[in-house]
Amino acid sequence: MEMERILVLGAGGQIGTELCGYLSDIYGSENVVATDLRPVKSHVGPSEILDASDFDALENIVNTYQITTVYHLVAMLSATAEKHPVKGWDLNMDTLFHVLNLAKDKKIQKVFWPSSIAVFGPTTPKHNTPQRTIMEPTTVYGISKSAGELWCQYYHQKYGVDVRSIRYPGLISWKGEPGGGTTDYAVEIFYSAVKGEKYTSFLDEKTYLPMMYMNDAIRATVNLMRAEKEKIHIRTSYNLAGISFSPKELHAAIKTTLPEFEVDYAPDFRQDIANSWPASIDDSSAQNDWDWKPKYDLKTMCAEMIEGVKKKLNS
Ligand code: AKB
């Protein structure tokens, strides 16, 4: 077993719920400390209540558990941050600076910080969006992620901080639920389908977005963090591609298992956000630098989601 002492911030969220278990299998659950604003019941190892915007409380946990690595998963996502722009900016930036400063002062050795496809904007090439391209995000969340990427690179170049990052597409999972994102429809839809209810999509039927099943996202995250330092050539954030589809295509894919399932469309303010984002992503840098390859396609993702949501609703 490798010796790392890991702190997961935002461990009760959509990613953290699954990441803690995956990390526990590699490093031992006693070496994974799960923190969030509320108790993290899904984790069998140590768990603490922590507001990551409180630097002293964060530093105290880092010292107490002799943390070497932080996975910083705290963020206000795109849809919520549009409603609370200042709060969104403050939370997303303050917590990042806290963690980067702990790494700069050598209190921790390694940081994972998630970026997002939200760093791109309406002027970005929409299809097969390259790693390096025009980035003029039009959402608060996108602006915070874009600035955060540059700060990560700055701390790496100036202070040697080993910070690594992925631009996550929309993440699809059943163990943990998303909250406040524009891509959340692709999770909600499965709950309606399994319950036998009609689903009203808040994005129109033709909105293509880059998405990924959580198992792939977790594997990518941990592979990036375990890759040799010399392989990491990008210190802003890596593009990562999984599956691109529209609500209409997702509906059709679910109907192959649940043929009665109905969807209608009532686009709201999230449509504008989705329209500003890419439809598909070129992740050749991640493939070349640290051998990234997704395993799930639309069919295998739908099969696992339907089974997973059924299991969750019946438990
Ligand atoms: C969101 O929709 O805000 C997130 C994201 C793409 O980063 N899922």
Side-chain angles (χ1 to χ4, degrees), residues 9-10 12-19 71-85 87-89 91-93 95-96 112-122 124 126 129 135 137-149 152 165-190 201-204 207-218 220-221 236-247 250 267-281 283 286 294 296 301 305:
L9 306 177
Q14 190 193 12
I15 303 171
T17 304
E18 301 202 31
L19 182 67
Y71 286 75
H72 171 339
L73 305 178
V74 173
M76 192 183 289
L77 298 187
S78 57
T80 310
E82 286 310 290
K83 290 185 182 155
H84 309 283
K87 255 192 182 169
W89 172 262
L91 177 74
N92 294 355
M93 300 314 293
T95 54
L96 173 60
F112 175 79
W113 175 78
S115 185
S116 160
I117 53 163
V119 294
F120 301 117
T124 303
K126 212 164 177 61
T129 301
M135 289 164 75
T138 49
T139 61
V140 173
Y141 175 63
I143 297 169
S144 74
K145 288 295 178 186
S146 174
E149 286 192 6
C152 288
S165 177
I166 284 173
R167 290 174 182 152
Y168 285 134
L171 297 179
I172 301 169
S173 65
W174 59 271
K175 288 183 188 154
E177 276 142 46
T182 302
T183 57
D184 295 6
Y185 92 86
V187 176
E188 291 173 3
I189 195 170
F190 284 98
S201 168
F202 58 76
L203 296 184
D204 76 31
T207 312
Y208 272 83
L209 286 172
M211 300 279 187
M212 179 173 281
Y213 190 49
M214 187 60 83
N215 292 27
D216 271 341
I218 299 286
T221 304
T236 49
S237 189
Y238 278 95
N239 274 10
L240 200 71
I243 329 160
S244 279
F245 54 78
S246 63
L250 182 56
D268 65 14
F269 74 101
R270 288 167 281 193
Q271 186 65 47
D272 285 342
I273 301 177
N275 289 346
S276 77
W277 288 351
S280 59
I281 297 287
D283 65 0
Y296 285 82
M301 179 275 283
M305 278 300 289

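Order of listing sets the numbers, starting from 1, for every ligand and every atom in it. Every heavy atom of this structure was used, including side-chain atoms; hydrogens, water molecules and symmetry mates were not.
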Check your understanding: Quick one: salt bridge (charged side-chain N to carboxylate O under 4.0 Å, His left out) partners of Asp268, sequence neighbours excluded?
Key -> Arg270
**Study point:** Which atom of Phe269 lies closest to which atom of Lys83, heavy atoms considered
**Key:** CZ-CE, 3.8 Å
Review point. Can you tell me if Ser244 and Ser280 form a side-chain donor-acceptor pair at under 3.5 Å?
Key: no
Study note, to complete from the structure: Those residues with a heavy-atom separation under 4.0 Å from ligand 1 are Leu77, Ser78, Ser116, Ile117, Tyr141, Gly181, Thr182, Thr183, Trp277
Exercise for review: List in chain and number order the residues that pass side-chain contact (heavy atoms from CB on, under 4.5 Å) with Ser78, two or more places apart in sequence or in another chain; answer none if no residue qualifies.
Suggested key: Tyr141, Thr182, Ile273, Trp277
Revision key, fill the gap. Residues at least two apart in sequence or cross-chain that pass salt bridge (charged side-chain N to carboxylate O under 4.0 Å, His left out) with Glu188, listed by chain then number, are none
Check your understanding: Hey, are the side chains of Met212 and Ile172 touching, using non-hydrogen atoms and a 4.5 Å cut-off?
Key -> no
